[in-house]
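Encoded as structure tokens, the structure appears first; notes follow it.
A note on names: the letters A, B, ... follow the listed sequences, proteins ahead of strands, and every chain is numbered from 1.
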Amino acid sequence: MDAALPVFFAECGDLLEQMEANLLAAERGEIDSDSINAIFRAAHTIKGSAGIFGYDEVVAFAHRMETVLDDVRGGRRSLDGELVAVLLACCDHLHALVEQAAGSATLDEGVRRRGAELGAQLRQIHGVPPAAERGPAHEEPQLSGEACAGHWHLSLRFDRDVLRHGLDPIPFIRYLKRLGQIEHLVTVIDALPPAAEMDPESCYLGYEIGLLSEASKHDIENVFEFLQDDSQIRILPPHSRVADYLALIRELPEEEMKLGEMLVACGTLTRKELQTALHAQARRDGEAPRLGKVLVQEKMVQPAVVDAALEKQRQVKESRAGEASLVRVDADKLDHHINLVGELIIATASASLAAQRSGAKDLVEIASTLGRLVEEVRDSALTLRMVQIGATFNRFQRVVRDVSHELGKEIHLVISGGETELDKTVIERIGDPLTHLVRNAVDHGIESAEVRRAAGKPLVGTVRLNAYHESGNIIVEVSDDGGGLDKERIRQMAIEKGMLTPEQSITDRELFNFVFEPGFSTARSVSSLSGRGVGMDVVRRNIQALRGSTELESAVGRGTTVRIRLPLTLAIIDGFLVGVGDAAYVIPLETVVECIENTARNGGTDAEHYLNLRGEVLPYLRIRDQFMVHGERKERENIVVVRHGDRKAGLAVDALLGEFQTVIRPLGRVFDGIAGVGGFTILGSGDVALILDVPGLLRQVAHVAENRTDCGAALAIN
Amino acid sequence: MDGTESGSSIRELRRLERKRLRAKENGNMAVEIERDGRRCRIAVEGEMVIRRIADLKPQIVGPLAECDQAEIDLRGVEEIDSAGLQLLLLAKREAEARGAELRLVNHSVAVADLLDLCELGAYLGAGVGERK
């Protein structure tokens with residue numbers, strides 16, 4: 001029984017998280033019967049499982065919630081803002097109860113009192129007579145007005161020849177996910193002819209897509225730029241007029257009713273909107289009886305059928321995502337496994353080295369096969385650690401809600417790229433910095449409603465969380481559409497603090513970077529949330545500890561974006577091995593751009609530390625000097641050009657030793673102060689090689705460059 | 001687990017690996033058909049993509065037209081594009097039109113991923129063949 005306990009607690013955590021997400025959605029008005037059912041089921045499941053383990057407090061409380069939720073489900077009580085607030089508090093309380101059960105501690109007096117209060121509230125709510133008959137069902141839909149859908153609607157019908165031309169629609173649709181979230185998607189197969197006539201190389205498919213995105217119409221159109229010529233691409237913006245949707249229905253080849261149903265399935269039109277619209281149109285066209293009859297029939301038959309179909313789909317999805325294909329594994333076991341794979345990689349490296357030394361052909365061949373397999377094992381082992389960032393993002397719905405309530409602002413959190421995967425350790429450690437950035441955006445980024453109104457912006461502020469892959473890195477963005485940073489003020493403060501001289505001219509980007517310096521705050525008021533000048537430096541330190549970097553973009557009146565760049569994984573890297581004197585160093589391969597020879601021709605002299613890279617001024621750093629390696633400098637040096645973000649510099653080394661897959665081992669505390677080293681690794685020969693911290697070295701180079709260009713020479717960065 | 005059992009599973013793995021390699025050599029695609037009267041099982045290996053689709057269509061649609069009960073095993077499908085998806089949809093619709101039972105089983109990651117994107121999981125999912 002005890003073995004099942006951790007599973008119970010993990011499950012409770014998940015369910016409570018789901019419940020919270022659904023409640024927050026309800027508060028935003030995005031509620032349907034599915035999510036109400038999900039909230040109810042969550043409470044019910046927790047009650048059931050808690051009963052098995054004998055956690056009576058949890059059972060009793062979950063039962064009270066369930067009673068009220070049952071009223072909601074049965075339509076006897078509407079899920080309004082007030083009830084959501086109570087239920088969210090209940091959700092927290094249930095969480096506290098479960099946590100106490102997990103800690104096997106006795107009940108805290110405070111928690112007990114809170115429970116009694118909430119219990120009383122729930123009982124009162126249950127006792128209240130059913131909410132007056134004023135559900136949304138009674139509101140008259142406005143035919144000429146806007147549809148309620150808050151998302152874009154895309155109708156795609158492709159030219160028969162797109163596949164033959166090597167254009168597959170699927171990648172385009174996948175790409176849409178980078179612009180936002182696909183709410184619903186219906187694959188239209190009506191154009192598919194009978195088997196005998198069907199040419200498998202022609203494209204008969206069409207798609208109806210509901211896309212929740214902040215992108216402009218132009219951006220969305222651009223996705224289909226290549227297809228546009230010979231395909232029918234219709235893009236309707238959010239809150240289009242019902243009449244526009246009707247026009248769409250008429251334009252497309254499919255039968256009217258069927259298409260209407262698809263729009264409903266996409267969540268673009270509500271069933272009511274569709275019915276009213278078609279009705280009215282039919283009346284005008286004088287064909288009322290036929291269409292009207294169909295509609296009435298549809299009305300009677302359809303809801304049940306659609307619900308059943310939806311339920312079926314949900315079940316299939318759930319069971320596939322659920323126990324059928326998922327195994328819960330202890331994180332420690334996984335870490336142990338990864339460690340072993342790390343050892344395996346080192347062992348393979350020494351085996352292949354030994355094989356090469358022995359000169360035996362078959363041995364070399366075996367070693368290379370082994371190397372390839374180990375590489376595959378490594379890749380698959382690393383994907384085991386990958387976790388989608390969506391769950392972390394969703395947690396911020398609550399943070400934004402609570403903080404914005406506290407501040408009396410109305411703020412909407414938009415999440416995209418939630419399916420982007422990150423290393424588990426990174427996900428765990430990015431939570432705090434993200435919380436800080438989101439709070440900052442809510443507190444300082446978004447202006448008060450009055451200021452927004454005066455600036456002619458929408459009253460509801462938007463904070464966005466976005467994540468995506470970019471060349472071996474993961475980018476996480478926190479942005480707001482607030483007032484932006486005050487450049488002049490940052491400049492003033494930097495000068496006050498002696499980081500800048502009044503006559504020094506620097507780029508915006510460098511200016512914004514000061515925000516990440518310790519003790520730097522531009523907030524005019526200190527609140528309980530942020531603005532005391534601690535924080536951004538901690539954010540940067542945390543991100544740097546993950547071998548990542550931060551950058552900030554801001555436009556006055558338009559908002560601020562903080563971009564966090566993180567490595568895909570922490571444990572293992574593909575490295576580029578270089579030699580300096582007798583020592584070997586590893587440069588992370590994803591940062592290497594190219595290797596060139598350092599000759600007098602491209603201007604690599606000692607005094608300047610700049611060289612001419614095809615006409616570009618490239619600062620460089622001599623590793624020999626950086627780490628004070630003994631021995632004479634070689635006549636012929638090599639330069640490894642490295643890049644991180646959009647900073648670029650050269651690293652001068654003696655020898656290039658080739659690619660090398662390696663496990664990063666952390667350095668001891670004693671070495672904390674050494675700049676430019678990210679860790680160490682053991683080579684196949686048993687020697688130790690330092691792994692260079694490229695972002696750190698680039699910062700150093702940039703710093704040196706700044707000092708030297710005081711006199712006004714062009715900055716070599718970028 | 002005794003020695004012979006793990007030995008046989010290794011042999012099985014080797015067999016699969018050889019089969020996969022063979023499929024690769026034969027132009028990245030192979031279809032294996034097991035017929036038993038009015039029932040059949042079709043296993044597709046390799047790529048269900050536009051390059052191969054013209055060869056693939058008769059191999060899949062042909063046997064299906066003569067069966068009342070059929071299964072398409074998608075375990076070995078390493079890659080699938082719109083053309084492949086369209087073929088599966090065609091097969092499914094034809095079967096439904098004739099009242100025959102067609103089940104798509106053992107969706108590979110590539111297939112499951114695509115069905116998920118197109119929200120066709122319920123329609124082309126495992127075991128939905130019995131659906132009315």
Side-chain angles (χ1 to χ4, degrees), chain A residues 156 158 161-177 182-210 262 265-266 305 308-321 324-325 383 419, chain B residues 17 47-66 79-98 100 102 104 106-128 130-132:
Chain A
L156 315 175
F158 305 103
D161 285 331
V162 283
L163 295 176
R164 272 187 214 100
H165 293 164
L167 293 168
D168 189 347
I170 296 293
F172 294 97
I173 292 170
R174 275 192 211 282
Y175 187 85
L176 278 181
K177 286 189 170 176
I182 295 182
E183 292 280 278
H184 292 285
L185 186 153
V186 176
T187 309
V188 185
I189 55 172
D190 295 56
L192 208 57
E197 296 158 30
M198 184 253 194
D199 175 352
E201 291 183 351
S202 289
C203 182
Y204 302 98
L205 298 180
Y207 294 96
E208 296 290 319
I209 301 171
M262 284 175 196
C266 282
V305 176
L310 284 177
E311 181 70 6
K312 176 111 198 168
Q313 188 167 0
R314 192 186 56 73
Q315 278 172 357
V316 171
K317 261 199 173 150
E318 255 179 25
S319 69
R320 221 185 36 225
S325 59
T383 57
E419 71 288 337
Chain B
E17 177 66 16
E47 302 172 337
M48 282 189 86
V49 296
I50 181 78
R51 291 195 301 284
R52 305 282 158 204
I53 210 72
D55 297 339
L56 208 47
K57 184 191 162 195
Q59 294 193 62
I60 289 183
V61 176
L64 285 185
E66 296 157 18
E79 211 187 320
I80 181 165
D81 66 0
S82 289
L85 176 69
Q86 201 170 260
L87 191 57
L88 291 180
L89 285 166
L90 178 79
K92 183 76 189 169
R93 200 201 52 193
E94 291 295 301
E96 273 181 350
R98 288 190 304 113
L102 169 65
L104 304 184
N106 294 330
H107 302 63
S108 70
V109 178
V111 177
D113 209 39
L114 182 63
L115 294 191
D116 212 36
L117 179 76
C118 297
E119 300 189 15
L120 286 168
Y123 186 54
L124 295 180
V128 194
E130 300 90 58
R131 215 170 68 136
K132 296 287 166 315

For the [atom1] atom of [X] and the [atom2] atom of [Y], what is their distance to the nearest 0.5 Å?
X	Y	atom1	atom2	answer
B:Leu90	A:Tyr204	CG	OH	9.0 Å
B:Leu89	A:Ile189	CG	CD1	5.0 Å
B:Ser82	A:Phe172	OG	CZ	10.0 Å
A:Ile170	B:Leu117	CD1	CG	5.5 Å
B:Asp113	A:Arg174	CG	CZ	4.5 Å

Of the listed A:Asp199, A:Leu192, A:Ile173, A:Ile182, the one with the largest count of heavy-atom pairs under 4.5 Å with chain B is A:Leu192
Turns out that what part of B:Leu85 lies under 4.5 Å from chain A's heavy atoms comes down to side chain
Turns out that what part of B:Glu94 lies under 4.5 Å from chain A's heavy atoms comes down to side chain
Per side-chain contact (heavy atoms from CB on, under 4.5 Å), B:Leu120 is matched among A:Leu185, A:Val186, A:Thr187 by A:Thr187
Would you say B:Lys57's side chain and A:Glu201's backbone share a donor-acceptor pair under 3.5 angstrom? no
Under 4.5 Å to a heavy atom of chain B? For A:Pro193 that would be backbone
Please tell me if the side chains of B:Gln86 and A:Cys203 come closer than 4.5 Å, counting only heavy atoms from C-beta onward. yes
Checklist entry - Are A:Ile209 and B:Glu119 close enough, and set up right, to give a side chain to side chain contact (heavy atoms under 4.5 Å, CB included), and what steps lead you there? => result CA-CA 11 Å; A:Ile209 301 171; B:Glu119 300 189 15; over 6 Å; no
**OP:** Let me see the working for B:Ile53 and A:Leu163 under side chain to side chain contact (heavy atoms under 4.5 Å, CB included), right down to the final yes or no.
**Re:** CA-CA 11 Å; B:Ile53 210 72; A:Leu163 295 176; over 6 Å; no
